[in-house]
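All values derive from a computational prediction rather than experimental measurement. Chain A is the first sequence line, chain B the second, and so forth, proteins listed ahead of strands; every chain is numbered from 1.
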There are 2 protein chains.
Amino acid sequence: MDPCDSKNMLQEKGIKPSLHRMKILEYLIEKKNHPTVDMIFRDISGEIPTLSKTTIYNTLTAFVENGIAQAITIEDKEVKYDATVDNHAHFKCTKCGNIYDINMDTKIISIKTLSGHIISERHLYFKGICKLCQKKK
Amino acid sequence: MDPCDSKNMLQEKGIKPSLHRMKILEYLIEKKNHPTVDMIFRDISGEIPTLSKTTIYNTLTAFVENGIAQAITIEDKEVKYDATVDNHAHFKCTKCGNIYDINMDTKIISIKTLSGHIISERHLYFKGICKLCQKKK
DNA sequence: GTATCTGCAAAACATTTGCAATTCT
DNA sequence: AGAATTGCAAATGTTTTGCAGATAC
């Protein structure tokens, strides 16, 4: 991924593009692996030796606040992050714990109001056994 | 709620009905307020002065394992619990933080397999501003 | 030079665990 | 007595916070 792209994305969303922030964003976009803070730390602290977890926490919080990433909290102690923010669903395998993106417009649930509540976000996730774990048997 | 009902529910699911377990189950069923462990502790430790949080944790874990309750983990540090286990959706108000039950069969998403993954559970939740918070303005 | 960003260490907080005390049959 | 249940205190692990040092403009 071109570092200029991540730089532009950050600037568009009003976040100053520091080296750390760019690297973290590029990691999220390239890997699409719904990483935890710890995974990000392990995977890129080689490239940026001084990187601290505090910075990763700060950065991800800023990303979520500015609509660059979303936090995924599916029955886990650790929060996972996803740089794909448009409407899509997730699938979590109960065996391996992996999370998969499911391309599905969650707006199929098309109501705007529900029992008088105004809906602004729809979240949809599935649980089951993933393709790979089925083969492993 | 008749204590005999909670007693029977527990026995049907293979859990020995102790006083503590019955009280916690009755609380969940009567209040339907998606409480955290802490809320349960605050609300019923008056009735059962010796009650400890450890017991509440143990009890809720047993309930979830035996299909008596489900854990709700919507973007919060603390896990919330719900004794309604049939398919229904949740709505979380981003202002007051309350969680509402939405009577909706989540099986409207009727697929059994998705990208080769076998689906066993469907979870659906909405976020927005609840009826009450709209009025408060 | 001032504001922002970063990193360390400590604090905070929910949950789990080990083990001893209690209760129930 | 024997087995299950409960409760306390300590441990665990993630996230937050305070503050000092580094960096950028």
Original post:
From the list D/dT14, D/dT6, C/dA14, which nucleotide is the closest neighbour of the side chain of B/Arg21?
Top reply: D/dT6
Subject >> Nearest-nucleotide pick for A/Leu51, side chain only, options being C/dG7, D/dG7, C/dC5 >> reply: C/dG7
Would you indicate, yes or no, if [N] has its OP1 or OP2 atom less than 4.0 angstrom from a side-chain nitrogen or oxygen of [X]?
X: B/His20; N: C/dT23; value: no
X: A/Thr55; N: C/dT6; value: no
X: B/Thr50; N: D/dG7; value: yes
X: A/Ser18; N: C/dT6; value: yes

Subject >> Check: B/Phe126 ring centre within less than 6.0 Å of A/His117 ring centre >> reply: no
**OP:** Would you please name every residue forming a ring pair (Phe, Tyr, Trp, His ring centres under 6.0 Å) with B/Phe41, sequence neighbours left out?
**Re:** none
Atom [atom1] of [X] to atom [atom2] of [N]: distance rounded to whole Å?
X: B/Leu60; N: D/dT6; atom1: CG; atom2: P; value: 12 Å
X: A/Glu78; N: D/dT15; atom1: CD; atom2: P; value: 6 Å
X: A/Ile15; N: C/dC5; atom1: CD1; atom2: C1'; value: 13 Å
X: B/Ile24; N: D/dT6; atom1: CD1; atom2: P; value: 8 Å
X: A/Ile48; N: D/dT23; atom1: CD1; atom2: P; value: 14 Å
X: A/Leu19; N: D/dC25; atom1: CG; atom2: C1'; value: 17 Å
X: A/Asp38; N: D/dT16; atom1: CG; atom2: P; value: 15 Å
X: B/Glu75; N: C/dA14; atom1: CD; atom2: C1'; value: 18 Å

Please tell me if the side chains of [X] and [Y] come closer than 4.5 Å, counting only heavy atoms from C-beta onward.
X: A/Glu47; Y: A/Tyr27; result: no
X: A/Leu28; Y: A/Phe63; result: yes
X: B/Asp38; Y: B/Arg42; result: yes
X: B/Ile129; Y: B/Thr94; result: yes

Original post:
Does a donor on one side chain sit under 3.5 Å from an acceptor on the other, for A/Asp101 and A/His34?
Top reply: yes
Subject >> Nucleic acid contacts - residues 28-37 of chain A versus DNA chain C, non-hydrogen atoms under 4.0 Å >> reply: none
Original post:
If a stem is a run of at least 3 consecutive Watson-Crick or G-U pairs, both distances under 3.5 Å, which stems include DNA chain D?
Top reply: C:1-4 with D:22-25, C:6-25 with D:1-20
**OP:** Run the salt-bridge test on B/Lys92 and B/Glu75 with the 4.0 Å N-O cut-off and return the result as yes or no.
**Re:** no
**OP:** Examine distances only and state if a side-chain atom of A/Ser120 and a backbone atom of B/Lys127 form a donor-acceptor pair shorter than 3.5 Å.
**Re:** yes
**OP:** Starting at the 5' end of nucleotides 16-22 of chain C, put B wherever the base has a protein heavy atom under 4.0 Å, S where only the sugar-phosphate does, and a dash everywhere else.
**Re:** BB-----
Subject >> Where at least one partner belongs to residues 55-67 of chain A, residue pairs that pass side chain to side chain donor-acceptor pair (under 3.5 Å), sequence neighbours excluded >> reply: A/Ser52-A/Thr55
**OP:** Among residues two or more places apart or on two chains, list those pairs meeting side chain to side chain donor-acceptor pair (under 3.5 Å) that have a residue in residues 1-16 of chain A.
**Re:** A/Ser6-A/Glu26
**OP:** Write down the atom of B/Ile102, the atom of B/His90, and the distance for their closest heavy-atom approach.
**Re:** CG1-C, 4.1 Å
